[in-house]
Amino acid sequence: MRIELDSSLTPFSLNHTLSCGQTFRWQLRGDWWVGVVGKRVLKLRQINGDVIEFEASSPEVDVNFVRRYLRLDDDLLAIYSMIDRDRYVHAAVKRFYGLRLVRQEPWECLVSYICATFKNIPAIKQIILGLSQRFGSPVTFEGERFYGFPEPNALAEAKLHELRLCKLGYRAEYVRETAGIVTRGKLNLESLRELPYASAKSALMSLPGVGSKVADCVLLFSLDRLEAFPVDVWMKRIMLKYYSGHFESGFVEKLKKRTSISKSDYEIIHAFGRRYFGEHVGYAQEYLYHFERCKALSKVKGWIGVRL
DNA sequence: TGTTTCCCTAAGTC
DNA sequence: AGACTTAGGGAAA
């Protein structure tokens, strides 16, 4: 199936979108991106900038599904005009024009970002793949076997040592406990959409392994809260490098000293981002994050690639 | 130029 | 404030 875009009104870059580090299950094979979304295998490619072709393991993956997953409903041009506040964001938007956030499934997003704490992206990808192979259901697509993302009860009932085989380390307990809470219906992720941002965030933070940063990732990447602003080590670096003038000098010195950031540090940076970039700060975050990471990698490797 | 080893750090939370 | 599991990957050997 195919989707045709008017790229002058709906800028979109599949490569930038799937390689910017927000998702962990996509791989590039030739000009096709192949990945697993929940329990479905999906294959996508972009042709000439304005046509998206796709195939999937399940008939429910239709044009609407793909449009929704890729957030083609976001008015990216309007968002650009709102977040383009300075030359740093401007450069990032120019370099990764058409990058969109992806509308992930909340459960998968939640577990993924619990596993992502204090890990690099290649390691996170391995963890998610391992969890899927061990606890997910197999899906055959074009003669190849893939594994869907595990259901909450599968992870809730998992043995701790089995989880640890997936290289989760101390996160194994967090994942199992959180899976138990979701399985028992104590927290309905979809229902968080009805709540104000602060309430939804604190509900998420009641889960083990979920702090401010993971909660913001889940809100931004799966629950349509573009006002969420995840602050990780990269965002801290970016703030120190380009935006230190917006903070008190004492605060800047404090941030420079320590590698990790405290909860109050997080709140200060978060408040600045929300105020400075506006209600779509999540998009600004993703562009700055990807731009800075690419610059750092290209400095080491001497190239600028899409596969990070 | 190709391995092995060392070392730092990682989309933070408790 | 400091510990925490684990391993990717660059740098040194």
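Computed from a prediction, not measured in an experiment: that's the story for all the values here. Each chain gets a letter, A, B and so on, in the order the sequences are listed, and its residues count up from 1.
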Worksheet item: Expressed in whole Å, how much space separates the C1' atoms belonging to dA1(C) and dA11(B)?
Response: 23 Å

Worksheet item: Do the side chains of Y289(A) and D232(A) get nearer than 4.5 Å, heavy atoms only?
Response: yes

Worksheet entry | Stacked cation flag R85(A) on Y276(A), 6.0 angstrom / 45 deg | yes

Worksheet item: Within this structure, what is the CD1-to-P distance between I127(A) and dA11(B), rounded to whole angstrom?
Response: 11 Å

Worksheet item: Ignoring hydrogens and angles, does a donor from either the side chain of Y170(A) or the base of dG12(B) sit under 3.5 Å from an acceptor on the other?
Response: yes

Discussion item. Taking donor-acceptor contacts at under 3.5 Å, does the side chain of R164(A) reach the base of dT5(C)?
Written reply: no

Item to complete: Check DNA chain B against residues 274-289 of chain A and give the residues with a non-hydrogen atom under 4.0 Å, in numerical order.
Response: Q285(A), E286(A), Y289(A)

Worksheet item: Are the aromatic rings of Y287(A) and Y88(A) close, with centres under 6.0 Å apart?
Response: no

Worksheet item: Rounded to the nearest Å, what distance is computed from the CZ atom of residue F24(A) to the P atom of nucleotide dA11(B)?
Response: 9 Å

Worksheet item: Closest nucleotide of DNA chain C for A123(A) versus for F118(A): which of these residues is on the 5' side?
Response: F118(A)

Worksheet item: Under 3.5 Å, is there an N or O donor on one side and an acceptor on the other linking the side chain of K263(A) and the base of dT13(B)?
Response: no

Worksheet item: What is the distance from NZ of K119(A) to C1' of dC8(B), rounded to the nearest Å?
Response: 14 Å

Worksheet item: Which dot-bracket string describes DNA chain B (Watson-Crick N1-N3 plus N6-O4 or O6-N4, or G-U N1-O2 and O6-N3, all under 3.5 Å; [ ] crossing; | other strand)?
Response: ..||||||||.|||

Discussion item. Applying a 4.0 Å non-hydrogen cut-off, can you work out what V231(A) is touching in the nucleic acid: base, sugar-phosphate, or nothing?
Written reply: nothing

Item to complete: For I261(A) and dG12(B), give me the distance from atom CD1 to atom C1', rounded to whole Å.
Response: 9 Å

Item to complete: Have a look at Q22(A) and say if it touches a base, only the backbone sugar-phosphate, or nothing, with a 4.0 Å heavy-atom cut-off.
Response: base

Worksheet entry | Proximal nucleotide (of dG8(C), dA11(B), dG12(B)) relative to the Q126(A) side chain | dG8(C)

Fill in: Pairwise C1' distance for dT9(B) and dA3(C), with rounding to whole Å
16 Å

Discussion item. For F149(A) and W107(A), take the angle between the two ring planes, folded into 0 to 90°, and tell me which bin it lands in: parallel under 30, tilted 30 to 60, perpendicular over 60.
Written reply: perpendicular

Worksheet item: So what does L220(A) hit on the nucleic acid, given a heavy-atom distance under 4.0 Å: a base, only sugar-phosphate, or nothing?
Response: nothing

Discussion item. Can you check the distance between dG2(B) and dA11(C), where both ends of the measurement are the C1' atom (answer in whole Å)?
Written reply: 15 Å

Worksheet item: Between Q104(A) and T23(A), what is the shortest heavy-atom contact and its length?
Response: NE2-CG2, 3.7 Å

Practice prompt. Output the single nucleotide from dG12(B), dC14(B), dT6(C) whose closest atom is nearest the side chain of K167(A).
Written response: dT6(C)

Worksheet item: Does the side chain of S8(A) come under 3.5 Å of the side chain of D6(A) through a donor N or O and an acceptor N or O?
Response: yes

Worksheet item: Can you check the I124(A) CD1 to dT9(B) P distance for me, whole Å?
Response: 17 Å

Worksheet item: So what does S212(A) hit on the nucleic acid, given a heavy-atom distance under 4.0 Å: a base, only sugar-phosphate, or nothing?
Response: sugar-phosphate

Worksheet item: Is it true that E53(A) and R45(A) make a salt bridge, defined as a side-chain N closer than 4.0 Å to a carboxylate O?
Response: yes

Practice prompt. May I ask you to decide whether E173(A) forms a salt bridge with R176(A), counting only side-chain N to carboxylate O separations under 4.0 Å?
Written response: no

Worksheet item: For DNA chain B, whose closest nucleotide is more 5', that of K213(A) or that of G209(A)?
Response: K213(A)

Worksheet item: Quick one: salt bridge (charged side-chain N to carboxylate O under 4.0 Å, His left out) pairs with a partner in residues 259-287 of chain A, sequence neighbours left out?
Response: K254(A)-D265(A)

Fill in: Interatomic distance where CZ belongs to R293(A) and C1' belongs to dG8(C) [whole Å]
12 Å

Worksheet item: Salt-bridged, D216(A) to R225(A), with N to O below 4.0 Å?
Response: no

Practice prompt. Could you tell me if the ring centre of Y80(A) sits under 6.0 Å from that of Y97(A)?
Written response: yes

Item to complete: Using whole Å, report how far CZ of R258(A) lies from P of dG12(B).
Response: 16 Å

Item to complete: Return the value, rounded to whole Å, for the distance between atom CG of L168(A) and atom P of dT13(B).
Response: 15 Å

Worksheet item: What's the closest nucleotide to the T117(A) side chain, out of dT13(B), dT6(C), dA11(B)?
Response: dT13(B)

